[in-house]
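Reviewing the structure listed below.
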Amino acid sequence: MADELIKPDELLSQIDHRPSGAGWMDTPVDIRKGMYCYASNPKSVETLGLPNARPWNPLEDDWKLPENWQQIVHDGFRERLDKFRSFKVFMDICVRCGACADKCHFFIGTGDPKNMPVLRAELLRSVYRNDFTTAGKILGRLGGARPMTLDVLKEWWYYLFQCTECRRCSVFCPYGIDTAEITIMGREILNLLGLNIDWIATPVANCYRTGNHLGIQPHAFKDMLDFFVDDIEEVTGVRVQPAYMEKGADILFITPSGDVFADPGTYTCMGYMLLFHYLKEKYGLKITWSTYASEGGNFGFFTSHETMKRLNSKMYAEARRLGVKWILGGECGHMWRVISQYMDTMNGPADFLEEPVNPITGTKFENAKSTKMVHIAEFTADLIKHGKLDLDPSRNDNKIITFHDSCNPSRGMGMLDEPRYVIQNVANHFYEMPANTIREQTFCCGSGAGLNAGENMELRMAGGFPRANAVKYVHETFGVNMLACVCAIDRAALPASMGYWVPEVEVTGLHELVANALIMPGEKERETDLRGEPLPGMEE
Amino acid sequence: MKDKKKILAGLVIFFAAITFPFWFNMGKAAPAPELVLTAKAKAAKTCVMPTAFMKAEHMQLLDVWRHNVVRNGERAFVNAEGKLYTMSLSNTCLDCHSNKAEFCDRCHNYASVRPYCWDCHLDNPKGE
Amino acid sequence: MSSAQSLAAKKQEILKSWFQTTVDSYPAETARFLKNQKDPFANPVGQTTYQSLDALVDALTTDAGPEVMAKALDPILRIRAVQSFTPSKATSFVFSLKQILRRHLPGIDPGSGVDMNDLDRQIDEMAMAAFDVYVACREKIFELKANESRNQFFGSLKRAGLMVETEADGPGF
Amino acid sequence: MNKNYMVSLIAVIVLFLIAYVGTQQGAGLQLVFGIIVPYLAVSLFVVGFARRVMGWSRSAVPFRITTTCGQQSSMPWIKQAKIDNPSSTLGVIVRMFLEIVCFRSLFRNTRMKLNGGTRLTYQLELFLWIGALAFHYAFFAVVVRHLRFFTEPVPFFVTLTEQVDGFMRMEVLYDAVQAGLPGVYMSGLVLLAAALYLFLRRVFIPQVRTISLAADFFPLFLIMGIALSGIFMRYFAKVDIVAIKALTMGLVTFRPTIPEGVSGLFFAHLFLVSILLAYFPFSKLMHLGGVFLSPTRNMTGNTRQVRHVNPWNYPVKVHTYDEYEDDFREKMIEAGLPVVKMPEEQA
């Protein structure tokens, strides 16, 4: 009796989800709404001069591929094997030990086995074996090889755009196999067929033309900062005067345009402006903005190495044109991966700039000797260390803060302690999240690498869950109500993620906290923070 | 690329290591050892068990002997042919094979075996 | 023994079986990970699911009512609402409890003191609460989608001074 | 039933039988399995390995993409993680050493437990790390030990390894299990156990089962087959060691001979080893060489400090400032942004 009652329901759930032990190669890809981003707009693809611009829809059977698409993929694959040892070695040496399997936030959050990093790589590896190895050619399926078919291509597209290139798996891999590297190559190959997503292609096209990924024109960029000037005056009584493309300035400042256009990054942007004004008033340091190089974030990185280089070139070009001494970079994630690991190689040597020295403290930034670009967290930490900033950390007392290490600054650069040092000097309440969710083991926000679109919200929420879960823990344990980060995508993505998983926690950039604590020369008594929220003790 | 040179050097070192046996023995013949049988052993023609068995299993036989003597106090060993022997390394084995260096050691050294028989037993009980 | 007592006595077995069934709605590779990995940070889905189910069994034992149930249901459904489940699949774990109770509780005969009808009624309440929570989560998702595009669109226009500012925050919001 | 491991298992059994049967009285293929195949296998190994590694070396390393697993080198008062985020060659060497010798990245698996509410405890999830270490070190010890068959006189480090490996005196168990003589080497047993563990992982952990290919099972079965036949020869079906050494010494001194009295079991063992050697360069086993070449591990993390050169760097089409100003000049002027050329100069 009881047994009869059990069966139908349990069987049902098993039939649906367990296709009789079929291997992953036999599990067809199911392109699901909410998990993918819209196809690239042909205009954007055209602007960049990338191949095969056309309208297409991932949900339709016909992706309007060029006649010889298989040949294009094959040739593209071969070219990249020769150009990148990383790619070739990573194709060859994986032993499929499974150490990475449960380290991916997308696997943890979505439960989709093809989101295990090793399997994501196997999507490409299976084709590699078929096309480029003797064993694969002889053994076929038995040797884990399969020919490139339309279904395989769709699987590539679907899963390569479910990877945020955060490199967490690579930390745990005994051979350092970096799924980001594999995803980057895979996306480059897809781009040869015009298969990008719009959230990447259009920002890249905008960035190329206008200098920022939203396509905001120069005058509007300035209007935006002017608007912040008013806001800042309202809060502090100080009228800051940002400089634009000032020839002969000491330092060129470049930050992701997200800081200029999207809350809560805008408060971080006000933070930069306050800090720069403070340094100008007190120490005469001249820092200039540029509307030409107004985008730090480099969505080209999510398209191809070439596109990355094309967008990145503006930084050095503008620094050279303005004749500054060195470049200061704002809070951004993949912008810093590009600066740290690609920029100097791609567009250097930056021999027209000086080796960066903080003129106020005299500190030589030895670690940025060649790129000549310093992270603002390093810069501010140095200022604080030398006691050059007047700070009142108690103004941040109503914020109980935790710090989210952004993937790229932690695993592609190693900037871990500088932002922490800054937070601990501008605020009094700071708590770390559990050790296997921070520093080099940090969990991605779930929206990096161009996946911060609206249409894939389910994917973003699922991928952001491991991070949110750790935030929830410190929220419940220590009453944390503010999640600090040094990444514009974090500032854009985490509010939604927090809104869904831990609604009581807000998101802030590092320099918003700095500016709240910074005592400006000639300021009025502040009653609110930059967001217009009452300061502690000022609540009515 | 200097990188390529480094890789080549690494490869050479690796191959040098794995081909160690080839160059270590270079120019050496190293034939299998010849065993010397004493006159007494030759005269006996056969050991306590057939030669093939003794070649492969003597250590096991000796261990059984030891066990029976030490634990059970038995000293009599009757082989398949019904012949009686005293279970004793010193008195039976070494009686015929009194030339340990030319009989036991040659093979043991060749195969890199270190039997601990001689930790306790004198290798030349008769003091010859 | 009353229903509540029987339930409390068998709680661990019921919970184990329910967790098993619920987690089995994921692919095998995932199910094993969800079951075995006890680290709440490495495996937030499995651990949250477990805690939710645990709270739900407690709610059933104490006849706590729909509000407590909704609170306990929230974490698990919040997860299932963004994973690849249809609405019916996402909430089906509630119904599986009926069969699990029948398997684990000492008989349904009148003498046992277990009032299966009452438990069924509570599970039905739980199911209805689950629908509410699920739909609320989905609404939240769409609200987030809508908000993001609205903020980008209007925010940019407003900041760029292309929109007239009114006292309120603009038309409709 | 999983096709991947069944096929691999059957393949290994068939290979074993081919060599075993082929060297029985009558078949007389001793020459093939004792001399030709081993020489062929070694040549394939050497040539294949070299070709694979040189193939990797031909691909460029355009960017320095180190995975930084710790604090960067920054200002002097911030403590750098000199090994996990090395900025010097020495740091890289230490990092690679720990990676290769201690499998450091696998060791990184930490797990947390919430104890009754909010208190956290940490524990290490070590099974895979221990299994992998045991497997590789046992394998290494076995290889070193086997040098006693390939050297005359036997060098000290081989005898030393043997002594350490055989320190457990198992013959006390002789009465009970009729095994344990000659002296038991731990490495053989550990190798077998570890290979079995690695196999069972692949069968019973669904995540790992999904990702496993026939190419993952085959070498495991092969190694298990080698270990089993070796153990069997040593402890159960005793073989004529002196004859075997005569054969192996013949191989390494290039005076190959097939002495009398070498059993078929040995030829089967030798054949499986030959297969492993020949298979090695064409498989994932090349991780032995590849681990040294992984660009995320073998480079310094100081990319901002020292410029890395991309050998195939090429100029790309960029949007220059002049083009930009041409696009937006009017608007820039209107907004009070500085421009290089005023509009009237344009004409």
Side-chain angles (χ1 to χ4, degrees), chain A residues 24 82-83 85-86 88-89 92-93 95-96 98-99 101 113 118-119 135 142-144 167 170-176 178 208 217-219 222 244-245 291-292 306 309-310 313 317 321 340-342 344-345 348-349 367-371 378 382 411 413-418 434 436 440 477, chain D residues 7 56 59-61 63-65 67-75 77-78 85 103 105-106 108 110 112 118 120 128 207-208 210-216 282 284 286-287 290-291 293-297 301 303-308 310 312 316 318-319 321 324 328 331-332 334-335 337-338:
Chain A
W24 62 266
D82 291 339
K83 276 181 160 179
R85 185 183 297 161
S86 53
K88 200 170 185 180
V89 170
D92 280 331
I93 64 171
V95 298
R96 289 167 291 282
V118 47
L119 216 47
L142 202 56
R167 308 177 105 205
S170 127
V171 169
F172 297 91
C173 175
Y175 315 114
D178 181 4
Y208 186 66
Q217 302 183 8
H219 61 292
K222 181 168 178 292
Y244 299 96
M245 297 180 276
T291 59
Y292 168 64
E306 183 173 308
K309 185 177 172 184
R310 288 169 69 184
S313 68
R321 189 180 73 87
S340 171
Q341 301 197 324
Y342 295 95
D344 200 2
T345 301
N367 62 337
K369 205 161 67 176
S370 180
T371 50
E378 296 169 336
D382 178 54
R411 287 183 284 260
M413 189 176 170
M415 194 187 69
L416 306 170
D417 288 328
E418 293 90 339
N436 62 350
E440 72 276 2
T477 314
Chain D
V7 168
W56 289 333
S59 293
V61 183
F63 303 106
R64 212 185 296 166
I65 52 163
T67 314
T68 58
C69 297
Q71 172 61 38
Q72 65 171 346
S73 129
S74 179
M75 285 155 286
W77 48 274
I78 290 178
N85 190 350
F103 304 175
S105 290
L106 272 188
R108 233 181 261 280
T110 43
M112 267 161 256
T118 53
L120 279 181
L128 177 58
Q207 284 152 263
V208 189
T210 307
I211 60 179
S212 296
L213 302 169
D216 297 313
F282 307 99
K284 67 165 192 175
M286 277 307 290
H287 66 268
V291 66
L293 293 184
S294 178
T296 57
R297 291 284 189 275
T303 334
R304 278 194 293 155
Q305 189 168 11
V306 181
R307 183 164 187 263
H308 180 84
N310 174 2
W312 50 258
V316 293
V318 296
H319 194 233
Y321 177 81
Y324 170 85
F328 300 109
K331 287 167 180 162
M332 288 172 75
E334 205 176 309
L337 290 168

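Quick caveat: nothing in here was measured; it's all calculated off a predicted structure. By convention in this document, chain letters (A, B, ...) are assigned in the order of the sequence lines, proteins followed by strands, and residues within each chain are numbered from 1. Computed from heavy atoms alone, side chains included, the values below leave out hydrogens, waters and symmetry copies.
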* To do: Against chain A, label D:Tyr324 side chain, backbone, both or neither, depending on which of its atoms sit under 4.5 Å from a heavy atom there.
  => side chain
* Among D:His319, D:Met75, D:Met286, which has the most heavy-atom pairs under 4.5 Å with chain A? -> D:His319
* May I ask you to decide whether D:Lys284 forms a salt bridge with D:Asp216, counting only side-chain N to carboxylate O separations under 4.0 Å? => yes
* To do: Heavy-atom pairs under 4.5 Å with chain A are the metric here; pick the option from D:Leu293, D:Val318, D:Asn310 that has the most.
  => D:Val318
* Asked: Which one of A:Asp82, A:Thr345, A:Ile93, A:Leu416 has the most heavy-atom pairs closer than 4.5 Å to chain D?
  -> A:Thr345
* Asked: Does any heavy atom of chain A fall under 4.5 Å from the side chain of D:Val208, the backbone, both, or neither of them?
  -> side chain
* Structure fact -> Counting heavy-atom pairs under 4.5 angstrom with chain A, the leader among D:Met332, D:Arg307, D:His308, D:Lys331 is D:Arg307
* Asked: For the candidates A:Pro113, A:Ala101, A:Ala317, A:Ser86, which exhibits the highest count of non-hydrogen atom pairs separated by less than 4.5 Å from chain D?
  -> A:Ser86
* Asked: Of all of A:Arg167, A:Lys369, A:Met245, which one pairs up most often with chain D through heavy atoms under 4.5 Å apart?
  -> A:Arg167
* So what's closer than 4.5 Å to chain A heavy atoms on D:Asn85: side chain, backbone, both or neither? -> side chain
* **chain D interface, residue from A:Met413, A:Lys222, A:Gln217 that has the most non-hydrogen pairs under 4.5 Å** => A:Met413
* Hey, does the Lys NZ or Arg CZ of A:Arg310 hover above the aromatic six-ring of A:Tyr208, less than 6.0 Å from the centre and inside 45° of the axis? -> yes
